[in-house]
Amino acid sequence: MKLEKLTSENIEKLRDKQVYCFEKSVSHLSELCKTYDLYSRIAGIVDENVRNQGEFDFQGKRLTVQGMDSLKKLDWDKSGILITSDYFWDAYEALSRELAGHLTVIYYFENKETAYEMEYRKHCRNAKLENIMIFRSGPHASSYIEGTDFSDNARALFEHMLAEGYDETWKLVWLVKDPKAFEKRRRKNVEFLSFDWSVSDMPEERDRYYHALCLAKYIFFTDAYGFARNCRSDQTRIQLWHGCGFKTRVNFVRCEKRYEYTTVISDIYAEIHERIYGLNSRQLLVTGYAKQDWLFHMPEKEYREWLGLQEGMRCIFWLPTFRAADTALFSLSEYQRESDTGLPVVSSFERLKMLNALLEREHIILVIKLHPFQDKNSVNCGHLSNIILLDNHELYVRDIQINRLLPLADALISDYSSAAVDYLLLNRPIAFTLEDVEEYAQSRGFIFDPIQEWLPGKEIFTFEDFCEFIIEVSHGKDSMKEKREGLMKKMHKYHDGNNCERIIEALGIKKERKKDHEL
C-alpha cells in the first residue's frame with residue numbers, strides 16, 4: 001500500500017468509485033470540489049473524532065460522518081479512500097493499519113496552503129535557520145475571535161523577552177489576523193504577519209510568511225499548531241497551551257510528532273499531559289505557565305478605577321463557562337444555559353436582585369467575566385449597582401489580559417476552568433459552582449477522580465451556597481485555606497512568578513552577541 005497525491009492524471013482511477021473522504025474538513029471538501037470534479041462521487045466521510053461524527057449538509061448533499069469501524073463494511077472493489085486532512089501522513093498510518101490487504105493506493109488531497117508550503121520548504125531545505133522566533137496564540141484561523149491572536153501564554157513570554165532585550169539579537173515574529181492592527185507595536189526586530197498570508201494571492205505576502213515559518217528556530221503557540229505541521233527536524237515547536245485545569249480531553253490525538261515540547265505547571269500535570277496528549281516524558285517542560293507570571297505583578301491603578309473599586313471595597317471575580325447540564329457535554333460546545341439570567345445558580349431575576357442587594361450591603365463588587373465564545377447579550381444582569389459584566393470585546397478594546405486583572409480579586413468563583421488553577425497561586429479563597437458535576441463527569445469527564453477531592457475551594461450547589469461564600473469573603477473567613485494550600489503544593493511546582501525565565505532556560509535560548517549573528 002502506498003500514499004499518492006491526487007492529481008489531474010490519477011483522478012481517473014477514482015471516477016468509477018464511491019469516494020470516502022478521511023477526516024471531516026469542510027474547507028478541504030470545498031477546495032477539493034473546486035479543484036476536481038468529484039462532488040458526485042463523494043459517498044461519505046470517515047473520522048475517528050467522535051465530535052465530527054453524524055450528518056451534515058454540504059453543498060446541497062447530506063453527508064454522513066462515521067467512525068473507523070465503518071471501513072469494514074465497504075466494498076473495496078467499488079470504493080476508494082481520499083484523505084482530506086492537513087496531517088495526511090498521520091492519516092495514512094492510521095488507515096494502513098485498518099486497510100492492509102484491501103487497497104494498493106490511498107490518495108490524499110493537497111490543498112492550496114499545503115501546496116504553497118511544500119514549494120517554499122523545498123526552496124529552503126538547504127538554507128540555514130535564522131535567529132527568528134514565531135509566536136501565535138488562539139485557535140485555528142477558522143475559529144478566530146478578536147483579541148485571541150495576541151494573548152495568553154505566548155504573549156506573556158513575548159513581552160518578557162522584550163523586557164529582557166531578546167529582540168536585540170532575535171527577530172520576534174507574530175502571526176495575527178490583521179497586521180495593520182499592530183502597527184503601533186512594531187519596532188526593530190519585531191514583526192507582525194497575517195496567518196492568512198499562508199494562502200495569499202500576493203507573492204510578497206506569502207514570501208514574508210513562509211520565510212519566517214521555514215527558517216525560524218523556535219515556534220511558540222497556544223492551541224493551534226497545524227500551521228507548523230511540516231517543520232524541519234532542526235526547528236523547535238513549543239505548545240504553550242492555555243492552562244492546566246480539571247476537564248479531560250474528549251478525543252485522543254497523539255501529539256508526539258506535532259510539537260517537540262509543551263509546558264506544564266507540575267509533575268502531576270506532566271503525567272496527565274503525557275497520557276491525554278500522547279507525549280513522551282522528554283517533551284514535558286515543568287516550568288509553570290508564562291501568563292501566570294502576570295499574577296505576581298501589581299495591577300494597574302486604572303484597572304481599579306475602571307471597575308469602580310473604591311477604597312475599602314472587596315472584589316470577587318466570577319468566571320463561569322456556559323453549558324447546559326442536560327445536553328451532551330462531550331460535544332464541547334460552550335453555550336448559554338437555559339435560565340432567565342443566562343447564568344448558572346443565579347438563574348432568576350429575583351435571585352439576581354437578591355444577590356445584588358447582598359453585595360451592596362457587604363460592600364463587594366462582583367465582576368462576571370464571560371467566556372470568550374459567549375455573547376454578552378445572552379446574559380441578562382441588567383444595570384445593577386454591584387455587578388459588572390465583562391465580555392471578551394471589552395477586554396480586547398482595553399487590551400487587558402485576564403491574568404492581569406485577577407490580582408484585583410479578593411476571591412474567585414469558577415467551575416472547572418483552568419483559571420481557578422492559575423488563581424490558586426494567589427492563595428486566596430476560591431469557590432466552585434458544581435450544580436451539574438454528575439452530568440459533566442458522565443459526559444466530558446475530569447482528569448481527576450473523584451473530582452471534588454481536587455477542587456481547592458468551597459463547593460457551590462445552590463443559590464444559598466453562593467450567598468454564603470459571598471458572606472464568608474466579606475467577613476474574612478477562609479474555610480478552605482488548609483485544603484487549598486495542600487492542593488497548591490501538588491498542582492504547582494513553582495510559586496515565584498519566574499515561569500517565563502524558566503521556559504527560556506529549559507529551551508536553552510540565549511541572548512547571543514550581536515557580532516555573532518546578523519538579522
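We count residues from 1, following the sequence as given. Not measured: the values here are computed from a predicted model.
Of the possible donor and acceptor atoms, none in the side chain of R136 sits under 3.5 Å from a partner among the backbone N and O of V176. A donor-acceptor pair is defined here as one N or O able to donate and one able to accept, closer than 3.5 Å; such a pair exists between the side chain of T84 and the backbone of F22. When atom types are taken as modelled, the side chain of S414 and the backbone of F432 share no donor-acceptor pair closer than 3.5 angstrom. Not one N or O on the side chain of N111 forms a donor-acceptor pair closer than 3.5 Å with the backbone of H28. The closest donor-acceptor contact from the side chain of T35 to the backbone of E31 lies under 3.5 Å. For T7 (side chain) and N10 (main-chain N/O), a donor-acceptor pair under 3.5 Å exists by modelled atom type.
Other residues, nucleotides and ligands contribute only 12 or fewer heavy atoms inside 6.0 Å of the NZ atom of K257. K112 NZ: more than 12 foreign heavy atoms inside a 6.0 Å radius. Applying the 6.0 Å contact sphere to OH of Y261 captures no more than 12 heavy atoms from other residues, nucleotides or ligands.
Between Y277 and W241, the ring center distance clears the sub-6.0 Å criterion. Taking the centre of each ring, Y209 and F195 stay at or above the 6.0 Å mark. Residues Y259 and Y225 place their aromatic rings such that the two centres sit under 6.0 Å apart. Ring pair Y440/Y416: centre-to-centre distance below 6.0 Å. With ring centers used as reference points, F150 lies under 6.0 Å from F182.
W454 pairs by the side chain to side chain donor-acceptor pair (under 3.5 Å) definition with nothing, not counting sequence neighbours. For the ring-ring contact (aromatic ring centres under 6.0 Å, His included) test, no residue two or more places apart in sequence or in another chain qualifies with Y166. Here K24 pairs with nothing under the side chain to side chain donor-acceptor pair (under 3.5 Å) rule; sequence neighbours left out. Looking at residues two or more places apart in sequence or on another chain, you find a side chain to side chain donor-acceptor pair (under 3.5 Å) between R15 and E12.
Residues in residues 229-239 take part in these side-chain hydrogen bond (donor to acceptor under 3.5 Å, both in side chains) pairs, two or more places apart or across chains: T114-R229, E117-N230, R121-Q235, R232-D234, R237-E260. Annotation: side-chain hydrogen bond (donor to acceptor under 3.5 Å, both in side chains) contacts involving residues 36-47, sequence neighbours excluded, comprise D47-N52.
Taking 4.0 Å as the cut-off between side-chain N and carboxylate O, D57 and R62 count as a salt-bridged pair. Between E191 and R208, at least one side-chain N (NZ, or NE/NH1/NH2) sits under 4.0 Å from a carboxylate O, which counts as a salt bridge. Salt bridge E394/R398: absent, no basic N to carboxylate O contact under 4.0 Å. In this structure, D90 pairs ionically with R258, as a charged nitrogen and a carboxylate oxygen lie closer than 4.0 Å. Under a 4.0 Å N-O distance rule, the pair K247/D415 does not qualify as a salt bridge. By the 4.0 Å N-to-carboxylate-O rule, D167 lies close enough to R187 to be salt-bridged with it.
Of the residues F88, Y92, W89, Y87, the one that meets the ring-ring contact (aromatic ring centres under 6.0 Å, His included) test with Y108 is F88.
By the 30° and 60° cut-offs, the orientation of the rings of F220 relative to F135 is parallel.
Using modelled atom types and a 3.5 Å distance limit, the side chains of E256 and N280 yield a donor-acceptor pair. Side chains of D207 and Y120: a donor-acceptor N/O pair is present below 3.5 angstrom, by distance only. With hydrogens and angles left out, the side-chain atoms of D422 and Q292 include a donor and acceptor closer than 3.5 Å. H211 and E130 share a side-chain donor-acceptor pair at under 3.5 Å. In this structure, a donor-acceptor pair under 3.5 Å is absent between the side chains of K171 and N131.
Interatomic distance, C244 SG to I272 CD1, rounded to the nearest 0.5 Å: 7.5 Å. Atom CG of residue L455 and atom CG of residue L424 lie 11.0 Å apart, to the nearest 0.5 angstrom. To the nearest 0.5 angstrom, T262 atom OG1 is 13.5 Å from Y269 atom OH.
Both the sub-6.0 Å distance and the 45° axial angle are satisfied by R206 relative to the ring of Y116. Under the 6.0 Å distance and 45° angle rule, R185 does not count as a cation-pi partner of F192.
Here the closest non-hydrogen pair linking V379 and G342 is CG2-O, 4.2 Å. Across all their heavy atoms, D196 and K177 have their closest contact at OD2-NZ, 2.9 Å. When all heavy atoms of C33 and I42 are compared, the closest pair comes out as SG-CD1, 4.0 Å. The shortest heavy-atom contact between I509 and M133 is CG2-CE, 3.5 Å. Heavy-atom minimum distance, S79 versus L74: OG-CB, 4.2 Å. Of all heavy-atom pairs between A420 and F246, the closest is CB-CE1, 4.4 Å.
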side-chain contact (heavy atoms from CB on, under 4.5 Å) between H393 and E146: does it pass, once the steps are laid out?
-> CA-CA 7 Å; H393 179 71; E146 63 178 3; 2.4 Å; yes
Would you sort out whether R155 and E159 count as a salt bridge (charged side-chain N to carboxylate O under 4.0 Å, His left out), showing the intermediate values?
-> CA-CA 6 Å; R155 177 169 176 176; E159 290 182 347; 2.8 Å; yes
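Looking at Y218 and I238, their side chains come closer than 4.5 Å, going by heavy atoms from C-beta outward.
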